[in-house]
Amino acid sequence: MANKRSMGTICIQGGWEPKNGEPRQLPIYQSTTFKYTTSEQMGRLFDLEENGYFYTRLANPTNDAVAAKICELEGGVGAMLTSSGQAANFYAMLNLCQAGDHIVSTATIYGGTTNLFTVTLPKMGIQCTLVNPDAPEEEIAAAFRPETKAVFGETIANPALTVLDIEKFAKLAHDHGVPLIIDNTFATPINCRPFEWGADIVTHSTTKYMDGHAMTVGGCIVDSGNFDWAAHHDKFKGLTEPDASYHGIVYTERFGKLAYITKATAQLMRDLGSIQSPQNAFLINVGLETLHLRMPRHCENAQKVAQYLKSREDVAWVNYPGLPGDKYYELAQKYMPNGTCGVISFGLKGGRAAAAAFMDKLKLCSIETHVADSRTAVLHPASHTHRQLTDEQLVEAGVDPSMIRFSVGIEDAQDIIEDIRQALE
Ligand SMILES: *Cc1c(COP(=O)(O)O)cnc(C)c1O
């Protein structure tokens, strides 16, 4: 199915293909449950012997249509929506790990994910080693242990804006017999498709560009179907040995390329229950319908704003991977030749205090704990999203205490630049 239609067509028509006389727009299946005429039919659903809907915690047609659209955009074989991006990253890991296991993650990741990996997962007995994504391969390789089950990174890190060398990390992961999981939230499949560079699993906070209108918190996990779990049987017993909670089903034997995503849906979602609501899935779908139109505009505006900031005397530094001379410009050109994202980070010569004063004077651009909205938004990570992190962790996460995270919207670029100018002056 993947690769046959172009991205714009998938954004508009993917996932929901109505039959004759069915609604043109994706219907919201606002129902917890689904009706059957024989008890045997329902029993077969519970045994995973047949596909079908019986309870919305396990599957819902609205959610499935949206997951199918994101899956096609990423070029995967299966996908599952979650209630948030946090739930997506948690489930993506927990689907492979249990107490005693270990993961390797780049240090420059979203602050919420850093907390999940370094505070909450260790309480469940899962350890995480953070690595510098730009370190030489040998140094990163030293972080692996026999009990390592996965490698994690973000295509473009929020908010550090480091660009991941996906091929390098895919090779490191595969050399150690484990999958590479990529959080592709900032790039979106419009600008980068990590499976084409060797990633095995992709996660999203659909809250960001996919929704794009700051309406709905949500997440998604997409499976490439490419990782050979059975070839590393000892590491991934949850996928390759009988699941007692399904009469001894072996996911790799029964579901083949769909083993990972089926386990996530049938087992983790059943037991932990962080489902997306069909109402919200509907809203995410409306956002997705314009993703291919919005992303180029976000990138075009961000490019102009980054260039303007770079030209100003009172701006100490600007990070934007689309800016020639940026530390990640070459990697961005390789992995995202059509554009990266709408988020810029920069610091003012006056540091932390100047950042607060500048933000208070903005009129068009608002202070929000959000990025990737159609409206321009600004945030000071050290005092907002990353305030739980120590100064040391801030530096490791690539967050300078003076950093302003500027999420460029799709208003007219000249108005955004004018707002920045008046606030700086
Ligand atoms: C926002 C974000 C998350 C968390 O997503 P929520 O939908 O807020 O739970 C995870 N990863 C990245 C890169 C993000 O930007």
Side-chain angles (χ1 to χ4, degrees), residues 32 55-60 62-71 73-74 76 78-98 101 103 105 109-126 128 149-150 152-155 157-158 179 181-186 188-189 194 199-212 214-223 238 260-285 287-288 369-372 385 388:
T32 57
Y55 193 61
T56 282
R57 171 155 37 78
L58 283 114
N60 173 284
T62 308
N63 290 6
D64 279 2
V66 180
K69 178 178 281 189
I70 297 172
C71 183
L73 286 170
E74 287 288 5
M80 174 178 87
L81 295 190
T82 57
S83 55
S84 68
Q86 285 299 113
N89 284 329
F90 177 48
Y91 282 40
M93 282 303 174
L94 202 64
N95 209 30
L96 300 173
C97 299
Q98 62 183 40
D101 287 343
I103 59 175
S105 170
I109 51 174
Y110 176 66
T113 311
T114 308
N115 285 333
L116 171 66
F117 288 175
T118 64
V119 180
T120 297
L121 287 187
K123 288 180 191 160
M124 305 168 77
I126 300 164
C128 174
K149 295 297 163 68
F152 181 91
E154 295 176 4
T155 317
N158 174 11
I181 303 177
I182 295 282
D183 182 331
N184 195 31
T185 297
F186 266 28
T188 83
D200 302 287
I201 308 292
V202 157
T203 60
H204 280 281
S205 166
T206 60
T207 317
K208 313 296 165 53
Y209 290 113
M210 286 193 171
D211 167 319
M215 300 183 289
T216 298
V217 174
C220 187
I221 302 177
V222 190
D223 186 354
Y260 174 92
I261 202 70
T262 304
K263 177 174 177 283
T265 314
Q267 183 198 70
L268 287 190
M269 193 57 89
R270 177 197 63 188
D271 295 352
L272 301 174
S274 316
I275 57 147
Q276 182 55 278
S277 82
Q279 285 270 353
N280 285 354
F282 172 85
L283 293 172
I284 294 166
N285 190 52
L288 284 167
T369 311
H370 192 47
V371 287
T385 42
Q388 317 304 342

**Prompt:** Quick one: does Ile284's side chain get under 4.5 Å of Gln276's, heavy atoms only?
**Reply:** yes

**Asked** When you look at Ile103 and Cys97, which way does the side-chain contact (heavy atoms from CB on, under 4.5 Å) test go after all the steps?
**Response** CA-CA 8 Å; Ile103 59 175; Cys97 299; 3.6 Å; yes

**Asked** Taking the side chain as C-beta and beyond, is there a heavy-atom pair between Ile201 and Asn95 under 4.5 Å?
**Response** no

**Prompt:** Taking the side chain as C-beta and beyond, is there a heavy-atom pair between Ser83 and Val217 under 4.5 Å?
**Reply:** no

**Request:** Measure the spacing between CD1 of Ile221 and CD1 of Ile70 and express it to the nearest 0.5 Å.
**Result:** 11.5 Å

**Spacing of Thr265 atom OG1 and Ile275 atom CD1 [to the nearest 0.5 Å]** = 12.5 Å

**Request:** Hey, could you give me the CD/CE distance between Gln279 and Met215, rounded to the nearest 0.5 Å?
**Result:** 11.5 Å

**Message:** Donor-acceptor check, side chain of Thr206 to backbone of Gly218, threshold 3.5 angstrom: yes or no?
**Reply:** yes

**Asked** How long is the gap from CZ on Phe117 to CG on Asn89, to the nearest 0.5 Å?
**Response** 5.5 Å

**Message:** Assess, by modelled atom type and distance only, whether the side chains of Thr82 and Tyr91 contain a donor and an acceptor separated by less than 3.5 Å.
**Reply:** no

**Request:** Would you indicate whether the side-chain heavy atoms of Phe152 and Ile109 approach each other to under 4.5 Å?
**Result:** yes

**Asked** Between the side chain of Tyr260 and the main-chain N/O of Gly78, is any donor-acceptor distance below 3.5 Å?
**Response** no

**Prompt:** Is there a side-chain contact between Val119 and Lys123, using heavy atoms and a 4.5 Å cut-off?
**Reply:** yes

**Prompt:** Ignoring hydrogens and geometry, is there a side-chain-to-backbone donor-acceptor pair from Glu74 to Asp223 under 3.5 Å?
**Reply:** no

**Prompt:** For the residue pair Ala79 and Cys71, what are the closest heavy atoms and their distance?
**Reply:** CB-CB, 3.7 Å

**Chi angles and distances behind the side-chain contact (heavy atoms from CB on, under 4.5 Å) call for Gln98, Asp101** = CA-CA 6 Å; Gln98 62 183 40; Asp101 287 343; 3.8 Å; yes

**Message:** Looking at every non-hydrogen atom in both residues, tell me the closest pair between Asn63 and Ala281 and how far apart they are.
**Reply:** OD1-CB, 3.2 Å

**Message:** Just verifying a value: how many Å separate Asn158 CG and Phe186 CZ, rounded to the nearest 0.5 Å?
**Reply:** 3.5 Å

**Prompt:** Tell me, do Ile181 and Leu96 make a side-chain contact under 4.5 Å, heavy atoms counted?
**Reply:** yes

**Prompt:** Which heavy-atom pair separates Thr113 from Glu154 by the least distance, and what is that distance?
**Reply:** OG1-OE2, 4.3 Å

**Asked** Quick one: does Leu94's side chain get under 4.5 Å of Met124's, heavy atoms only?
**Response** yes

**Asked** Do side-chain atoms of Asp211 reach the backbone of Thr216 as a donor and acceptor pair under 3.5 angstrom?
**Response** yes

**Fill in**
Between Val222 and Gly76 the two heavy atoms that sit nearest each other are CG1-CA, 4.1 Å

**Message:** I'd like to check Val66 versus Leu81 (side-chain heavy atoms, cut-off strictly below 4.5 Å). Are they in contact?
**Reply:** yes

**Item:** For Thr56 against Asn60, the heavy-atom pair lying closest together
**Value:** OG1-ND2, 3.1 Å

**Prompt:** Any donor and acceptor pair, going by atom type alone, linking the side chain of Thr185 with main-chain N or O of His204 inside 3.5 Å?
**Reply:** no

**Fill in**
Between the CG atom in Leu283 and the CE atom in Met210, the distance rounded to the nearest 0.5 Å is 15.5 Å

**Message:** Taking Asn184's backbone N and O only, do any of them form a donor-acceptor pair with Thr188's side chain (distance below 3.5 Å, no angle check)?
**Reply:** no

**Prompt:** What are the two closest non-hydrogen atoms of Arg57 and Met269, and how far apart are they?
**Reply:** O-CG, 3.3 Å

